[in-house]
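Only one structure is covered here, and it is reproduced in the block below.
No hydrogens, no waters, no symmetry mates; every other heavy atom, side chains included, goes into these values. Both counts, for ligands and for their atoms, begin at 1 and track the order of listing.
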Amino acid sequence: MKIKKLITAITLTVSALGVTQVAHAKNFRLGLITPANHIWTESASRFADDFKEASNGEHQVSIFPGGQLGNEAAMLQQLQTGALDMAFITAAELSNRHQDMGILFAPFLVESVDQVPALLASEPAQNLLDNLVQKTGVVGIAYGTGGLRQIASVNPVDTIEDLKGKKLRITPQAPLQDFYRAMGAAPVSLPLSAVYDAMTNKQADGTDMDLEIIVGLKLYEIAETTVLSNHMMWPVVGVVSARVWNTLSDEDKQNIQELMKKRLEETGPLYSEKERTWAEELKATGKPVKEVGPEFFESITPKWEEKWTKQSPLLKDLRAASTDLKQ
Ligand code: BEZ
């Protein structure tokens, strides 16, 4: 059944002030594609609890995980029309509408997940967030961290040549397509929920993925090699529909801004801690793991860089912030 937005106008008498104010109790809806037990989804639930408390129980936020409201492209459309209030959405999806955001997927911007929060807090990354509303019609509240990207392959992988011609699942965005095409792979676009089956029935020879999902979905069971490469960041962005935002009181805006930001920023330390555990869990399975660094991709990273330097002049600023971080 179609879920209708519940908007109930209630009248509050603010006796202390001796005036009558009209406040709007609202049940906001927040969508994500990640499953219920994913760090992003748990962070969204904590934000919902905080916001309810901060509004003295007046507002609620219902969380719709696992793509219940559609894929990210569909959610973005709903956000633009105001049919959906909020979402935690991948920066990758946002890069389809805000091309410059693709620079967040420059290979090897960070050496480990520990550096992600600082890079996302840098001026170039924050500028991308500030410009989101003009480009997409959604207000970018804050970034959160996601696991760094790895490659799970159903075939053995020793060198990058082993990925040539292989159907590798990615999410459908230009920066990822450019990366995999540069290695001569055939990127195929599949939703998260289809990855395990696609690799099982060889519809895909592997996937670009993070350790949280590789371990959570036990993708290592069907992977002949998991390439631990940490080749890209995977930020999430907390967003509010601009149409909805414009109807909110200053107090509600401030609460959303502070509380959503706080919960999203907490994902940084969580990934720092958990990525180590997931890597250990993966290695403990005894399944082949190949740990590689930037040199594994040295034949392809310059191609990506050349294209994106032309496409987005902001890349050089982000690379400079990344260089500062690594020192
Ligand atoms: C993916 O589609 O690969 C993905 C999306 C969100 C979080 C983690 C992975």
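Taking the six-membered ring where tryptophan is involved, the planes of F28 and H59 are perpendicular, since the angle between them exceeds 60° and thus also 30°. Taking the six-membered ring where the residue is Trp, W308 and W304 present parallel rings, their angle staying beneath 30° rather than reaching 60°. Classified by interplanar angle (parallel below 30°, tilted 30° to 60°, perpendicular above 60°), the ring pair F179/F297 is tilted.
Applying side-chain contact (heavy atoms from CB on, under 4.5 Å) to L282 and the options T277, T226, L219 leaves one that passes, T226.
Nearest non-hydrogen protein atom to atom 8 (C) of ligand 1 is D210 OD2, 3.3 Å. R149 NH1, 3.5 Å is the protein heavy atom nearest to atom 9 (C) of ligand 1. The nearest protein atom to atom 4 (C) of ligand 1, hydrogens excluded, is given as W234 NE1, 3.8 Å; this is a heavy-atom distance.
Contact annotation: for I33 versus ligand 1, heavy atoms closer than 4.0 Å belong to the side chain alone. Looking at T34 against ligand 1, only its side chain comes within 4.0 Å, counting heavy atoms.
Between P156 and D162 there is no side-chain heavy-atom pair separated by less than 4.5 Å.
Salt-bridge annotation for R263 and D49: absent, with no side-chain N of the basic residue lying under 4.0 Å from a carboxylate O of the acidic one.
Shown in contact with W40 at under 4.0 Å from a heavy atom are these atoms of ligand 1, numbered in order with element: 6 (C), 7 (C).
Comparing R169, E212, M209 by heavy-atom distance to atom 2 (O) of ligand 1, the nearest is R169.
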